[in-house]
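Below is one structure, written out as structure tokens; the observations come after it.
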Amino acid sequence: MSSSSVDPWSPVRWAENGAVRLAFDQWSERVAGEPLLLTIGLGANRKWFPDGLCRTLASHGFAVARYDQRDGGESTHLPPTATRNPISALFKKRGDAYTAEDMADDAVAVMDALGWPSAHLLGVSLGGAVAQRVALRHPDRVRTLTTMAAVPGDAAGLRALQYVRLRTLAKFAGLKFPDTPEGNIAAGAAVTRLLASPKRPFDEPAAREAAARNLDSGVHDQQAQSRQIGAQWHGQKISAITRPTLVLHGEDDPLIKPRAGKAIASRVPGSRLVPLPEVGHEIPESAWKRVAAEVRALADTARHLPAGSANQDGVLHGEIEESFIAAEGGGEAEEGQVVA
């Protein structure tokens, strides 16, 4: 969030998908522009999107909105289920609380509440998988798709685990902090450190200050995370995505292996993979301008395509930058990797 005394966000509003209420707000410093919906990751609330990134996106011609996924932030939290650990939830063949289709429909419910017939999507981590599923389930509502630091949206169980660094996931799942303001600050700082690129100096005071501005218990709420990550997808393969697609992935992502981004780009027709140097499982200030410029370029490309015509040749699969392939070392097995 911004350190300014003036909140750049609109008052919170609510969308509904059945019995689930979804909290969302809009960037208020610039409300004109092409609609862009931000979808956040596992357990986190919408305020983890940096204000500086949102301001940069707005300056590139977007009307920015963000929302809390179900079981996150101010949105509806579902009752406890038998599975209470995110790692265990990955191995289950069906979700205990809701489906991945429900989570995709949540995004459309937010768009409806905003009065947006369609929007550009930018999803990060779990939000990236959700955005892919929205593009599959509701292609007429998606102008462009940008997925960042995500696994393929049709991967589940062991097929998803092959892209996850299990040691980092175990550390994430093992975070134990009291559900108090100080505990939430400590948890937020610990998550920020865990997911940051090791190639940049870590600023502990800045991380704690940011966490103090965003007291989010979701980053250590294992029950809520288990319900989110356990939601199963029953829809089409990501190779059926027809919307213009951009795949962003940090070269130093300590949670989701960069090969996940390569896998998405290789399977979504016409997509483009952009590696982000010195970026972990995060969107640091050093990457804001690059991310905004890439999303803007994708939107500009889509302007010249008739609705529903993108990527329909089904032949061109992912323009992958050679530097990214070299940086990752060819996809050999890594410590903790599950090879499907």
Side-chain angles (χ1 to χ4, degrees), residues 39 41-43 69 71 81-83 85-104 121 123-137 145-173 195 222 225-242 245 247-250 253-269 271 273 275 281 311 314 317-318 320 324-325 328-340:
T39 308
L42 180 68
Q69 299 208 54
D71 270 323
T81 59
T83 304
N85 181 283
I87 298 178
S88 299
L90 276 172
F91 287 96
K92 292 183 71 86
K93 294 184 178 180
R94 63 181 179 86
D96 291 329
Y98 42 81
T99 67
E101 284 84 350
D102 292 328
M103 297 183 75
L121 300 184
V124 178
S125 192
L126 177 64
V130 170
Q132 294 169 54
R133 295 160 183 164
V134 177
L136 285 167
R137 189 166 168 84
L145 165 65
T146 299
T147 175
M148 179 174 178
V151 302
D154 56 1
L158 289 175
R159 291 190 298 116
L161 281 176
Q162 67 178 304
Y163 302 115
V164 178
R165 300 189 194 277
L166 296 183
R167 178 173 292 182
T168 306
L169 181 61
K171 290 179 180 178
F172 185 79
L195 301 182
Q222 292 191 22
Q225 293 168 13
S226 297
R227 293 191 293 273
Q228 287 185 342
I229 206 170
Q232 299 294 306
W233 174 246
H234 309 91
Q236 294 176 292
K237 302 296 185 182
I238 62 170
S239 56
I241 291 175
T242 60
T245 299
V247 183
L248 303 174
H249 211 108
D253 193 324
L255 179 61
I256 305 298
K257 299 171 185 176
R259 61 183 291 223
K262 291 197 293 183
I264 297 169
S266 70
R267 295 180 56 210
V268 176
S271 61
L273 174 63
H281 199 76
N311 305 343
H317 284 246
I320 303 178
F324 198 42
I325 299 173
E328 198 192 359
E332 67 275 7
E334 301 174 31
E335 183 177 3
Q337 177 179 341
V338 177
V339 181

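- The nearest pair of heavy atoms linking A100 to A231 is N-CB, 3.6 Å.
- In this structure, S271 contributes its side chain and T245 its backbone to no donor-acceptor pair below 3.5 Å.
- Side-chain contact between D154 and Q236: absent, with no pair of heavy atoms (C-beta onward) separated by less than 4.5 Å.
- Minimum heavy-atom separation, A149 to H281: O-CE1, 3.2 Å.
- A distance of 4.5 Å separates CG in L136 from CD1 in I241, rounded to the nearest 0.5 Å.
- Taking each heavy atom of A104 and R137 in turn, the nearest pair found is CB-CD, 4.3 Å.
- Applying the salt bridge (charged side-chain N to carboxylate O under 4.0 Å, His left out) test to every pair with at least one member in residues 126-136, sequence neighbours left out, gives no pairs at all.
- Considering every non-hydrogen atom in both Y163 and A263, the closest pair reads OH-CB, 3.6 Å.
- Expressed to the nearest 0.5 Å, how far CZ of R259 lies from NZ of K262 amounts to 8.0 Å.
- Counting only heavy atoms from C-beta outward, the side chains of L248 and T146 approach each other to under 4.5 Å.
- Distance check, rounded to the nearest 0.5 Å: CD1 of I256 to CG of L126 gives 9.5 Å.
- Taking CD1 of I238 as the reference point, atom OG of S266 lies at 7.5 Å (rounded to 0.5 Å).
- By the side chain to side chain donor-acceptor pair (under 3.5 Å) test, Q132 pairs with T147, sequence neighbours left out.
- Between R267 and K237 there is a side-chain heavy-atom pair separated by less than 4.5 Å.
- The distance from atom OG1 of T168 to atom CG of L195, rounded to the nearest 0.5 Å, is 8.0 Å.
- In this structure a side-chain-to-backbone donor-acceptor pair under 3.5 Å is present from R165 to D253.
- The backbone N or O of M103 lies less than 3.5 Å from no partner atom in the side chain of Q69, so there is not a single donor-acceptor pair.
- Pairing each heavy atom of A129 with each of A150, the nearest pair is N-CB, 3.9 Å.
- Minimum interatomic distance between G43 and Q228 (heavy atoms only, all atoms of both residues): N-OE1, 2.8 Å.
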